[in-house]
Amino acid sequence: MNILVIGSGGREHTFAYKIAQSSKTNELFIAPGNAGTSELGTNLPISVSDFDGIKSAVLEHDIKLVVVGPEAPLVDGIYDFFQSDEALNSIPVIGPSKEGAQLEGSKEFSKIFMEKHGVPTARYQSFTADNLEEGYSFLETLNPPFVLKADGLAAGKGVLILDDINEAKAELKEMLENQKFGEASATVVIEEFLNGIELSVFVLTDGKNYKILPSAKDYKRIGEGDVGLNTGGMGAISPVPFADEDFINKVEKRIIKPTVNGLQSENIDYKGFIFIGLMNVAGDPFVIEYNVRMGDPETEVVLPRVETDLVDLFEAVGNQTLNEIELNVNPQTATTVMLVSGGYPEGYEKGKVITGYDKAEDSLVFHAGTRLNDNQVVTSGGRVMAITSFGNSIEEALAKSYSNIDKIHFDKMNYRRDIGFDLT
Ligand code: AMP
Ligand code: GLY
């Protein structure tokens with residue numbers, strides 16, 4: 001069958017790589033894609049938010065399966081757009097309905113959902129400009145640090161963690177009254193700080209059944225030792241050593257089952273990935289956030305470990321027969337290291353020629369912010385390429401990623417040399 005992947009990052013290159021391996025794939029399209037995806041299929045110059053453009057492409061290329069990478073089109077209702085169109089409604093879209101995407105699109109929605117279905121998460125209350133004073137009072141009841149979250153999507157920047165109560169009050173006012181994060185902070189969730197170590201667990205659900213995909217840990221800060229500004233993610237490791245069977249069993253029983261059952265009992269149409277951001281608090285899992293898509297760069301370590309044909313899994317999601325499929329996972333460790341543009345996550349230059357990536361041996365090179373310019377691959381974003389390797393240990397896998405990175409060059413290239421530092 002012909003398949004369309006929506007998005008343009010390392011996550012989507014990894015989807016394309018797995019989908020291209022399936023004997024069920026006939027033609028593969030990526031919209032808009034990057035230089036890496038163009039080696040595996042046909043890039044279509046359509047923005048992820050151009051639903052009419054996507055519709056025309058789906059009909060023109062006889063596409064029979066659509067896989068949505070990023071959250072924005074899901075929160076904007078691409079699933080519902082397909083469902084409500086007679087020409088499109090028989091085509092499975094991997095991703096939740098607009099309502100289901102609120103698990104990521106609204107922190108308040110996700111907190112209410114967790115509370116209703118008994119999913120362990122930090123104690124919270126939400127506030128608007130109308131009850132700012134009550135927000136101040138709630139802050140007084142908490143111990144520092146204080147966690148303030150803009151309700152809506154804020155490009156990963158909407159969470160503030162502050163040590164000082166006066167600063168927390170000032171920021172709350174900035175968010176609610178002065179729209180620090182625009183409309184996204186018209187409502188703010190204030191929650192208890194959870195002390196522990198973070199990890200992510202990924203689930204693929206057809207709305208009734210689910211498969212638990214490998215766990216992963218990503219490294220969000222720009223600086224080594226987890227310092228400096230937040231990025232989209234500088235590297236990732238899968239599996240997470242402390243997420244052993246006992247821990248994952250707790251996650252399944254306390255979080256995954258109530259989440260999938262909760263979606264079903266609320267009649268929320270959800271056929272796609274659930275990315276559960278967790279805090280391991282002294283051996284007990286608490287949900288920090290839901291995302292309604294795969295993580296990036298977590299995908300670059302999770303999917304290469306999945307041995308089951310990805311198209312078979314997606315077909316089963318569409319047919320709600322995921323229970324009939326066995327999920328096989330490579331027990332080796334996968335690591336990925338992200339190469340980024342100098343200056344990222346602040347301002348950076350684009351258009352730098354990338355050399356040496358084709359010399360990588362025994363690693364997978366996933367393109368993120370790259371494009372073709374006169375037959376040369378050049379940088380086109382902050383996160384440029386993710387170098388994924390397998391090993392029998394974190395150290396062994398990382399050594400391969402780093403030795404291949406030594407062959408790769410572009411002007412002002414930057415990367416973290418300490419991915420996995422807290423796990424080894
Ligand atoms: P989020 O956008 O919800 O993932 O939050 C961004 C980051 O803030 C998370 O990855 C955590 O590191 C941190 N964080 C969010 N909520 C909490 C919490 N309740 N306690 C401690 N850290 C948190
Ligand atoms: N790596 C974090 C994310 O995809 O949200």
Side-chain angles (χ1 to χ4, degrees), residues 10-11 13-23 197-205 209-219 233 235-257 273-278 280 283 285 294-314 316-317 322-338 360-366 386-405 418-424:
R11 167 181 52 210
H13 188 186
T14 313
F15 276 130
Y17 163 77
K18 292 299 288 184
I19 290 169
Q21 288 175 347
S22 172
S23 59
I197 178 158
E198 278 183 77
L199 75 156
S200 301
V201 170
F202 300 88
V203 175
L204 181 63
T205 181
N209 313 285
Y210 60 84
K211 294 287 177 203
I212 305 177
L213 303 174
S215 62
K217 186 168 197 310
D218 83 334
Y219 292 81
I237 308 267
S238 175
V240 182
F242 64 80
D244 55 15
E245 201 181 327
D246 183 42
F247 184 80
I248 295 294
N249 284 342
K250 287 183 193 169
V251 174
E252 178 169 21
K253 183 162 165 269
R254 299 179 194 172
I255 295 168
I256 297 173
K257 281 202 167 122
F273 292 98
I274 314 175
F275 162 167
I276 308 175
L278 294 172
N280 174 353
M294 283 298 290
D296 194 350
E298 293 91 330
T299 305
E300 289 91 307
V301 287
V302 170
L303 284 192
R305 294 188 57 220
V306 171
E307 288 171 344
T308 307
D309 185 312
L310 194 60
V311 176
D312 283 346
L313 284 166
F314 287 155
V317 168
L322 211 43
N323 55 320
E324 293 171 16
I325 293 211
E326 195 185 337
L327 181 74
N328 296 315
V329 172
N330 180 337
Q332 280 199 307
T333 291
T335 61
T336 200
V337 179
M338 189 64 80
E361 284 164 37
D362 208 15
S363 286
L364 298 164
V365 173
F366 294 116
I387 315 303
T388 296
S389 313
F390 282 99
N392 292 319
S393 64
I394 293 176
E395 290 89 342
E396 192 181 307
L398 281 171
K400 288 184 197 166
S401 288
Y402 286 120
S403 97
N404 280 316
I405 287 171
D418 71 338
I419 298 305
F421 75 97
D422 54 345
L423 299 178
T424 55

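Heavy-atom basis, side chains included; hydrogens, waters and symmetry copies ignored.
- Within the 4.5 Å cutoff, side-chain heavy atoms of I197 are placed close to those of K217.
- You'll find the side chain of V240 stays beyond 4.5 Å of the side chain of N280, heavy atoms only.
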Exercise. Going through the distances and angles, do L278 and E198 end up as a side chain to side chain contact (heavy atoms under 4.5 Å, CB included)?
Worked result: CA-CA 6 Å; L278 294 172; E198 278 183 77; over 6 Å; no

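- Looking at every heavy atom in both residues, V306 comes nearest to K18 through O-NZ, 2.7 Å.
- When each of L364, I405, T335, L398 is checked for a side-chain contact (heavy atoms from CB on, under 4.5 Å) with I387, only I405 meets the rule.
- Here CZ of R254 is found 10.5 Å from CG of N249. Values are rounded to the nearest 0.5 Å.
- Closest of all the heavy-atom pairs between S215 and S238 is O-OG, 2.6 Å.
- Counting heavy atoms from C-beta outward, P304 and F366 have side chains that approach closer than 4.5 Å.
- Shown are V203, I274, T299, L327; of these, the side-chain contact (heavy atoms from CB on, under 4.5 Å) with L213 is made only by L327.
- Within the model, atoms CD1 of I276 and CD1 of I256 stand 5.0 Å from one another, a figure rounded to the nearest 0.5 Å.
- Looking at N328, its side chain never comes within 3.5 Å of a backbone N or O of T308 through a donor-acceptor pair.
- Atoms CZ and CD, from F15 and E300 in turn, are 9.5 Å apart once rounded to the nearest 0.5 Å.
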Problem set entry | Step-by-step side chain to side chain contact (heavy atoms under 4.5 Å, CB included) determination, L303 to Y17 | CA-CA 9 Å; L303 284 192; Y17 163 77; over 6 Å; no

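- Shortest non-hydrogen contact noted between D309 and S23 is OD2-N, 4.0 Å.
- For the pair A334 and F390, the tightest heavy-atom approach, listed with the atom from each and the gap, is CB-CE2, 4.0 Å.
- Side chains of S389 and D362 form no contact here, defined as non-hydrogen atoms less than 4.5 Å apart.
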For this session: Starting from the C-alpha separation in whole Å, work towards a yes-or-no answer on side chain to side chain contact (heavy atoms under 4.5 Å, CB included) for V301 and I237.
Result: CA-CA 6 Å; V301 287; I237 308 267; over 6 Å; no

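- To the nearest 0.5 Å, atom NZ of residue K211 and atom CG of residue L204 are 9.5 Å apart.
- Checking side-chain atoms of E324 against main-chain N and O of L322 turns up no donor-acceptor pair under 3.5 Å.
- Once rounded to the nearest 0.5 Å, the distance linking CG of D312 with OG of S22 reads 6.0 Å.
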Exercise. Going through the distances and angles, do S401 and S363 end up as a side-chain hydrogen bond (donor to acceptor under 3.5 Å, both in side chains)?
Worked result: CA-CA 6 Å; S401 288; S363 286; 4.7 Å; no

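- Using a 4.5 Å heavy-atom cutoff, the side chains of Q332 and R305 are not in contact.
- Here the CD1 atom belonging to I419 is positioned 11.0 Å from the OG1 atom belonging to T424, to the nearest 0.5 angstrom.
- Nearest heavy atom pair, residue P241 against residue I394, reads CG-CD1, 3.9 Å.
- Residues S200 and G277 approach most closely at OG-CA, 4.3 Å, considering heavy atoms.
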For this session: Evaluate the criterion side chain to side chain contact (heavy atoms under 4.5 Å, CB included) for residue pair Y219 and M338; output intermediate values, then yes/no.
Result: CA-CA 10 Å; Y219 292 81; M338 189 64 80; over 6 Å; no

